[in-house]
Every structure is written in structure tokens, then in C-alpha cells.
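All values derive from a computational prediction rather than experimental measurement. Residue indices begin at 1 and follow the sequence shown.
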Amino acid sequence: MMRIILPFLALVSGMWAWNLSAGPGAGSPWTVYDQGLLLSGLLSIAFMSLAMMLALRPVWLERPLGGLDQIYLTHKWAGILAVVFAAAHWLIEMGDDVIESIFGEAGKFDQDYSGFIDAMRDAAEEVGEFAVYLLFAMLVITLWRKFPYKYWRYLHRGTPVLYLLLAFHAAWLTPLQWWQQPIGVLMAILLLGGSIASGLSLAGRVGRRRQLCGRVTAIKTPARDVTEVTCHMGPAWRGHRAGQFAFVTFDSMEGAHPFTLASADRANGTVTFLIKSLGDYTRNLSQKISVGQTVKIEGPYGRFNFDRRNRKSHQVWIAGGIGVTPFLAWLDELDGCTATVPEADLHYCTRNADQDPMVDRLRVLCSDFSGINLEIHDSSKGQALSADKLSTNSRSAAEVWFCGPTGLGQAIRKGLRGAPFRLTRFHKEAFQFR
């Protein structure tokens, strides 16, 4: 995430500072007020423009950023920062009366414009204030996890309209002299990019080229809260790598959800998903879908691929619950190829190993690979996995691949900071796109 956020923040702030240094010197409280207002507004619309462009799911950024999950994490934080700077912009704007009451109007900068420009600036100011209130409301709803996803996604579809209102506000209230400076060029690029992204989103073009329609061919329930769905996508399916995921739509009213592909690619257009009951729609999913129905799949996406492993580091694979899905696909892919099987410790964390069908499936798959050491951690028997256990079993340098509950991942990662071995990498998929 920080690969883009921090350099982008430095770029935008640096352009503002360069423009400030080229202008008249600062001194009065009104100058500080004006520049604070301009900087907060610039950062807000810049980060919102970035968020809109990242929402297009640019596949070409997956490699440098580490996958679409990291792109969406960056998109999320860019949106949050946009709201934070918008709040700062709003508070500074509301503070002009306070400054005037303390320092008076001396030094206050008021530029006269022609009738048309003045009218447009007044309209832009009113539109911006209205849009900022909506932006605040959108952030609150997004962070409120209990708000149903199926309703949130419809509200989220209105974000491009909200962006266009804010772009109108920013374009008309940007100082005219900025458009003759490098900072104006940056503003123009950001506003143009964000506006194009908004238009594509409103037109439903996001991910369109990677969407295919197929049919559900099999439905199983290996566990009470897990549904295994097999789909046939036909020869148009471009194939996938083990560990990737796709956006799956069973019901157009519910929309697409990201699910990890649980099978290796067999070049026959067939894909399998293991879906855990984690929300209103996925609960009792096997009763909501049927064999033969149409399914729309967009993808594949993601970089959770063992081919990217550090071959000089010992491999530690950690799966928690339904997070075992990418590792099942990894083992399935290894079983069907002649490539050298890596040596790895595969840790599977489960609440009850005796009732978990994934345990037997993992044992069967791992039995074919002498280099893969499977360890089952049954929390019902007090066998919870900890960083200390990894430290005991690992070598001088290790690379960890984790897929499972967020809390478990954070605890292990934090615990490994004091490990006796060198951690070369901790790779974790971030599936919370909301």
C-alpha cells in the first residue's frame, strides 16, 4: 500500500511547496489560512482521483504492487485520506470568521473575477460543500461493517458521481495562476484521469474485458458452513495460476464477491471455488444456487503464487480455516506438473480437526510430496499455532505465506519480529475490499 501512498503524498505536497516557494513570501495569518485551504483541498482531490483510477482494477499494476488485493487496499486508504483531507479543508474553510475576529481583514486576499467566472465559482463552492457532506456519510457507512454489503455496493456505485461534483468544485476554485504552473499540469492530469475513471465506472466498463459467463456444473457441501462450487467457463477461459482469485456473480442483485480458486488450471475451462459462510448471502449458499444456472466470473486476479517464492528461503505456509483454499490449489497444481516440488512446512489451523474435511484432503494431497511437512493445529485440543512454534521448526531464513483470519495473521507476524531466524517475507492476501 505504502508503495504508492507515500510517494504520491510526497509528489503532491512537493508540487505545492515548489509553487509556494516561487510565489511571494508568507507572513500574515491570512496567507497561512489560504495556503492551508489550498493544500488540504489539493490533497483531498488528488487522493480521490487516485482512488477512482485504482478502482478500474488495472492489471498492469498487479506485478509492481503485489496483486489486485494490494491495489484495492491502496484504493481504500486513498479514499480514507481523501476524506481526512476534505475534513481538514472544510474545517479550515469554516475557520475564516475566527481568523477575522482575531486578526481582522488586513491581509485577506479577495480576487475579483468576471460575472460568469464569479457565478461558476459560487456554484462550485456550494456543490463542493454538499458533496463533502455526502463523502463523510459514505465513509461512515463503508467503515460500519454491520451495514449490509448488498446495500452498500449500490451506494458505492454513486461514488463516481460524487467525484465528478468534487472535480467541478476543485477545477473552478483552483487559483487561475496555478494552471500556468507545473502544479496546474498535475491537477489537470489527476482531474482528467479521475473523470475518465468515473465515466468508465458509471458505464459499467470496470473489469468488462475479463468477464465471462459460464454454468454451475456441481455443488457440494464438504462442511456445514462450506460450499464447493464447480463451474464450466468454456474455451474462452484464459486459465489461471494456483492461488489466484476471481469475482463471482451468482445473483445480479447481490453482485460480485471475490473467491479464491480452489483448483489448478487443467486447460479445460473448469474452475472450482470453496466458499465459506461469512455473510448473509454466502450463508446456506448451496440452497440459493443450482446446477445449470448461469454464473459470471471476472478474473483471474492476484499474485499469491508459489512460483514467486524466494528459493533461498525455507517455505512456511500457514492456512487458517477457509484460507486453506489457495494452498489446496497449489498442491493440486504441483500434483499435475513435473516442476521441482519445494520443501515447505504447511501449517493448517482448524477449530476441530476431527470434523474438518479439509484435514483429510490435505493429508491425501501432501502424501505425494516428501518435501512438504503437514502440521495440523487443532484449537479444540489446545494446539493453536503461535510464532514460537514456527521459530522452533524453521531454519536460518524463512519466507511465510499466510491466508486466514486477520487476527491470526497479525499475531503471527508480530510474534515473528523476535524470531531467531531471518524473515525474508511475510505474504498475506488482503481480501477485505470494503
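- Tested against His377 for a side chain to side chain donor-acceptor pair (under 3.5 Å), the candidates Gln383, His347, Lys389 yield a single pass: His347.
- Side-chain contact between Arg241 and Glu333 is present, with at least one heavy-atom pair separated by less than 4.5 Å.
- Note on ring orientation: taking the six-membered ring where Trp is involved, the planes of Trp152 and His156 are parallel (angle under 30°, cut-offs 30° and 60°).
- In Arg351, the CZ atom is not crowded: 12 or fewer heavy atoms of neighbouring residues, nucleotides or ligands sit closer than 6.0 Å.
- Between Ala242 and Trp330, the closest heavy-atom pair is O-NE1, 3.4 Å.
- The shortest non-hydrogen separation linking Arg303 to Glu62 is CG-O, 3.7 Å.
- Here the shortest heavy-atom pairing between Gly66 and Arg308 reads CA-NH2, 4.5 Å.
- Val206 and Ala55 get closest at one heavy-atom pair: CG1-O, 3.4 Å.
- Heavy-atom neighbours of Tyr154 OH from other residues, nucleotides or ligands within 6.0 Å: above the threshold of 12.
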### Message
Please determine whether side-chain hydrogen bond (donor to acceptor under 3.5 Å, both in side chains) holds for the pair Thr325 and Thr260, giving the CA-CA distance in whole Å, both sets of side-chain angles, and the decisive distance to 0.1 Å.
### Response
CA-CA 7 Å; Thr325 305; Thr260 300; 5.7 Å; no

| task | Verify side-chain contact (heavy atoms from CB on, under 4.5 Å) between Ile318 and Leu390, making sure each step is shown before the conclusion. | result | CA-CA 10 Å; Ile318 305 173; Leu390 294 179; 3.5 Å; yes

Verdict with supporting geometry, Leu81 and Leu50, side-chain contact (heavy atoms from CB on, under 4.5 Å):
CA-CA 11 Å; Leu81 288 172; Leu50 176 63; over 6 Å; no

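- With Trp401 as the partner, the ring pair (Phe, Tyr, Trp, His ring centres under 6.0 Å) test is satisfied by one option alone out of Phe426, Phe304, Phe306: Phe304.
- Across all their heavy atoms, Ile4 and Pro7 have their closest contact at O-CD, 3.3 Å.
- Taking both residues in full, the closest heavy atoms of Thr294 and Cys213 are given as CG2-CB, 4.4 Å, listed atom of the first, atom of the second, then distance.
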side-chain hydrogen bond (donor to acceptor under 3.5 Å, both in side chains) between Trp18 and Gln181, worked out: CA-CA 10 Å; Trp18 183 13; Gln181 304 295 331; over 6 Å; no

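- Surrounding CZ of Arg205 are at most 12 heavy atoms belonging to other residues, nucleotides or ligands under 6.0 Å away.
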